[in-house]
Amino acid sequence: MDFSFTEEQTLLRDTVRKFVQKAYAFDTRSKVIRSDAGWRKEVWKEMADLGLMGAAIPEDNGGLGGGPVETMIIMEEFGRALVVEPYLQTAVINANAIRHGGTAQQKEQWLPAIAAGEAICAFAYAEPQGRYNLADLTTTAKKSGRDFVLSGHKAVVLGAPYADYILVTARTSGGQRDAKGVTLLAVPKNSKGITTRDYPTVDGLRASEVMFENVTVSPDFVIGEVDNALPLVERITDEAIAALSAEAIGAMKVLNDATVEYCKTRKQFGVPIGKFQVLQHRMVDMFMNYEQSVSITYMVTLKLNESAHERAKAASAAKVQIGKAGRFIGQQAVQLHGGMGMTDELNVGHYFKRLTMIDTQFGNVDHHLKRYAALTDDKAAA
Amino acid sequence: MDVRFSPAEEAFRTEVRDFIEKNYPAHLRGVARSEYDSREDFLAWHRTLYKKGWVAQAWPVEYGGTGWTATQRYIFNEESAAADCPMLLPFGLSMVGPVIYTFGTPEQKKKYLPGILSGDVWWCQGYSEPGSGSDLASLKTKAVREGDHYIVNGQKTWTTLAQFADWIFCLVRTDPNAKQQEGISFLLIDMKTPGITVKPIITMDGSHEVNEVWFDNVKVPVENRIHEENKGWTCAKFLLSHERAGIAGVARSKRAIIRLREMLAMEKIDGAPLISDLEFQRKVAELEIDLHALEYTELRTLAGESSGKGPGLESSILKIKGTEIQQRITELALEASGHYAQPYQRDLGDNEHVGPDYAELVAPHYFNMRKTSIYGGSNEIQRNIIAKMVLGL
Ligand SMILES: Cc1cc2nc3c(=O)[nH]c(=O)nc-3n(C[C@H](O)[C@H](O)[C@H](O)COP(=O)(O)OP(=O)(O)OC[C@H]3O[C@@H](n4cnc5c(N)ncnc54)[C@H](O)[C@@H]3O)c2cc1C
């Protein structure tokens, strides 16, 4: 049993923490999310210079050769600072898609570019009708000679306003919700036939509705097997869930620390409000919710390379725990700050909003409870 | 025990329904209050009810009230909520109005009550201060008597809709040496008086609903004081119990659950309406059952009130359960919206909106409703009240 971090990993955490402390003061972030751009190119570049973009990319492909633990460390620190750049979409989801599903040539083409911060990527998996079912797809990619012709509407694609490439799930065969017939394509955003409608999200990110209208995509941009990409899509979303869990525990920690600190200093009735036992117990519950979330984040991170079944179970378990804990901690942090917790000026509301939205990404608590239950169903296992 | 309505009450219901149907401004139908564009939007319905003589439902007839029974008020609330009528602003009608007709002099009643009834004068509530929220009696804004004026200095905060207000009613400290509750007076202050500054506070959902109100040597005539000097706490306590009574919001929650069900019929999960999902059915059922229980708790309270007991300690139950239910409804709407809870659409142009209409404001509403367990006496404070006053702990 060993839950300690290596020297390199500790160093990585220090590096990231120092970086966000400098680049991500809360006031700076507030200005950035209100600016037209909504993000900072120079911050992106610095992430690349520090090696963060390639932290989990093999050394042969221009990365640092780390793995899920390195991603977890970075995402947790990003969660503490509420980083808005599409790191998850680019350095985790897209990099993983290519690592697991790409040809040698695709790896050579993409991974060094991602590691260098030169390719910004989004992940278009959701559709207006599909809710959290990854296979519920009306976007189609039809064969036309060698190429594919892509048409459809992808919903709430985070990071898409800045993206150079969009990783798209599309149906190449089968019925609307069939497991078979799903294909993954990495499409240059400037391809003819793509239009986007960009907007801010309630938690300070940017996203787009992405419309594909007869977009011609060369087979070189297909990642993994045609018709059989659903297992790959599930794998990269489970990995994304692990990373999101790490982001969430970073955000939870900030809220818990801020709340305890506030209750020690805020006085009502002549005493710090932290003296009221009902608030003490509330903060103890917040603390326990956080610790349980850290544990499950470690669990899912360490199980990412096990069998698809084990990995999926761990990811769903983590998403449920994170969703429930994020809601409780977020709501109570606001409550214990009283009126101050409601303001836009204080950081508390912003962490609460981000935790709330994390639950809507890649399936919420209900979705993953069901998925977990299905995965552990005796009949299914037998 | 009988909860059926009498034929007269049923006739009253029909009358109310018809009136709303014919008179409710079409452009405000179904628009949430947080999305109103102007001061007039807030007042439109108030003015319509005023003309009909229905605006001051709980006031005694002699002051321009309807003289309705508790049951009639209940019916009116049900019908208004069912038709998506906006809630009337409480600051004049439910807060300062009753204080004035209960504690004010005949001159004060004559001066202030008509403007509250007509809606011509907009009031806001100046109780909370940065250092005094739950512990309201520790408030520091001071009023020093100089001849026939008070000079007021200090700061109020979280003042709802002060940006539109003509007048503010304030708790101020008039005797710094007395025991906390015994040195407070209740003052009415014209917002146009020199020395008053209103600064917006933006809440996390992006709306401008609350404000800071600063007082810098503000001169207030002594005749603007309600009740005796240093007896303001009596008015404050009276008002707080009135504020809590309306807060259960049963009729509104009923309507909100109907809307939630409509939304669940449109949102799809694997091609089927989300409401056919067993998990979701259970959650909505649980919420409705909670609301049924609360409705009967409120009816029991109302029955007690009609028999002359006045809003009692039960009002703390109404506040706690009512706000928990309101918050839960917004939570479920947010859950139901899936990915489309994420876009922030308040600043988008008319043709730029994305996703289904019903999802558009679910996240801002969810965030905004967190306030309900904080204001009006936080839910922790309400539980303290029940523990102490009801259970004797
Ligand atoms: C949207 C909004 C609108 C408002 N509108 C108005 C308005 O129009 N006019 C006005 O005067 N005020 C208004 N308020 C202020 C509101 O009444 C106060 O926020 C409320 O009284 C809580 O005070 P506080 O914010 O200072 O929190 P605090 O009193 O500092 O409380 C912080 C936390 O400590 C808890 N706590 C405090 N004391 C105890 C205790 N003894 N036991 C257990 N827990 C305790 C509270 O429950 C809370 O969770 C508004 C507030 C909001 C959020």
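All values below come from the heavy atoms of this structure, side chains included, with hydrogens, waters and symmetry mates left out. Predicted model only: the values in this text are computed from it and were never measured.
In terms of heavy-atom proximity, A:Val202 sits nearest to B:Pro343 at CG1-O, 3.9 Å. Closest non-hydrogen pair, A:Pro200 versus B:Leu348, comes out as CD-CD2, 4.3 Å.
With values rounded to the nearest 0.5 angstrom, A:Leu346 atom CG is found 11.5 Å from B:Ile201 atom CD1.
Looking at A:Ala155, both its backbone and its side chain come within 4.5 Å of chain B, counting heavy atoms on both sides. Neither the backbone nor the side chain of B:Ala359 has a heavy atom closer than 4.5 Å to any heavy atom of chain A. For B:Pro130, the part lying near chain A is the backbone, with the side chain staying farther off; criterion is any non-hydrogen pair under 4.5 Å. Looking at B:Ile269, the atoms closer than 4.5 Å to chain A (heavy atoms on both sides) sit in the backbone and in the side chain alike. Heavy-atom distances place the side chain of A:Leu158, and not its backbone, under 4.5 Å from chain B.
In terms of heavy-atom pairs under 4.5 angstrom with chain B, the leader among A:Gly363, A:Gly349, A:Gly338, A:Gly204 is A:Gly338. The choice from A:Met357, A:Met340, A:Met342 that makes the most heavy-atom pairs within less than 4.5 Å of chain B is A:Met342.
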Report every donor-acceptor pair between chain B and chain A with a separation under 3.5 Å, backbone and side chains included.
unit_1   : atom_1 : unit_2   : atom_2 : d
B:Pro130 : O      : A:Arg266 : NH1    : 2.8
B:Pro130 : O      : A:Arg266 : NH2    : 3.2
B:Gly131 : O      : A:Gln268 : NE2    : 2.7
B:Gly133 : N      : A:Gln268 : OE1    : 2.9
B:Ser134 : N      : A:Gln268 : OE1    : 3.1
B:Asp135 : N      : A:Gln268 : OE1    : 2.8
B:Asp135 : OD2    : A:Phe269 : N      : 2.9
B:Ile202 : O      : A:Asp344 : N      : 2.9
B:Met204 : N      : A:Met342 : O      : 2.7
B:Met204 : O      : A:Lys353 : NZ     : 2.6
B:Glu267 : OE2    : A:Arg131 : NH1    : 3.1
B:Asp270 : OD1    : A:Asn133 : ND2    : 2.8
B:Asp277 : OD1    : A:Lys370 : NZ     : 2.4
B:Lys283 : NZ     : A:Asp366 : OD1    : 3.0
B:Lys283 : NZ     : A:Asp366 : OD2    : 2.8
B:Glu331 : OE1    : A:Gln331 : NE2    : 2.8
B:Glu331 : OE2    : A:Arg327 : NH1    : 2.9
B:Glu335 : O      : A:Arg131 : NH2    : 2.9
B:Glu335 : OE2    : A:Arg327 : NH2    : 3.0
B:Ala336 : O      : A:Arg131 : NH1    : 2.6
B:His339 : NE2    : A:Arg131 : O      : 3.2
B:Tyr340 : OH     : A:Glu209 : OE1    : 2.5
B:Gln342 : O      : A:Val202 : N      : 2.8
B:Gln342 : NE2    : A:Thr360 : OG1    : 3.2
B:Tyr344 : N      : A:Pro200 : O      : 2.8
B:Asn351 : O      : A:Arg197 : NH1    : 3.4
B:Asn351 : O      : A:Arg197 : NH2    : 3.4
B:His353 : O      : A:Arg197 : NH1    : 3.2
B:Tyr366 : OH     : A:Gln331 : NE2    : 2.8
B:Ser373 : O      : A:Gln335 : NE2    : 2.9
B:Ser373 : OG     : A:Gln335 : OE1    : 2.7
B:Glu380 : OE1    : A:Gln335 : NE2    : 2.9
B:Glu380 : OE2    : A:Arg282 : NH1    : 2.8
B:Glu380 : OE2    : A:Arg282 : NH2    : 3.1

Take B:Met204 and A:Val348 through the side-chain contact (heavy atoms from CB on, under 4.5 Å) test and state the conclusion after the steps.
CA-CA 9 Å; B:Met204 64 169 133; A:Val348 168; over 6 Å; no
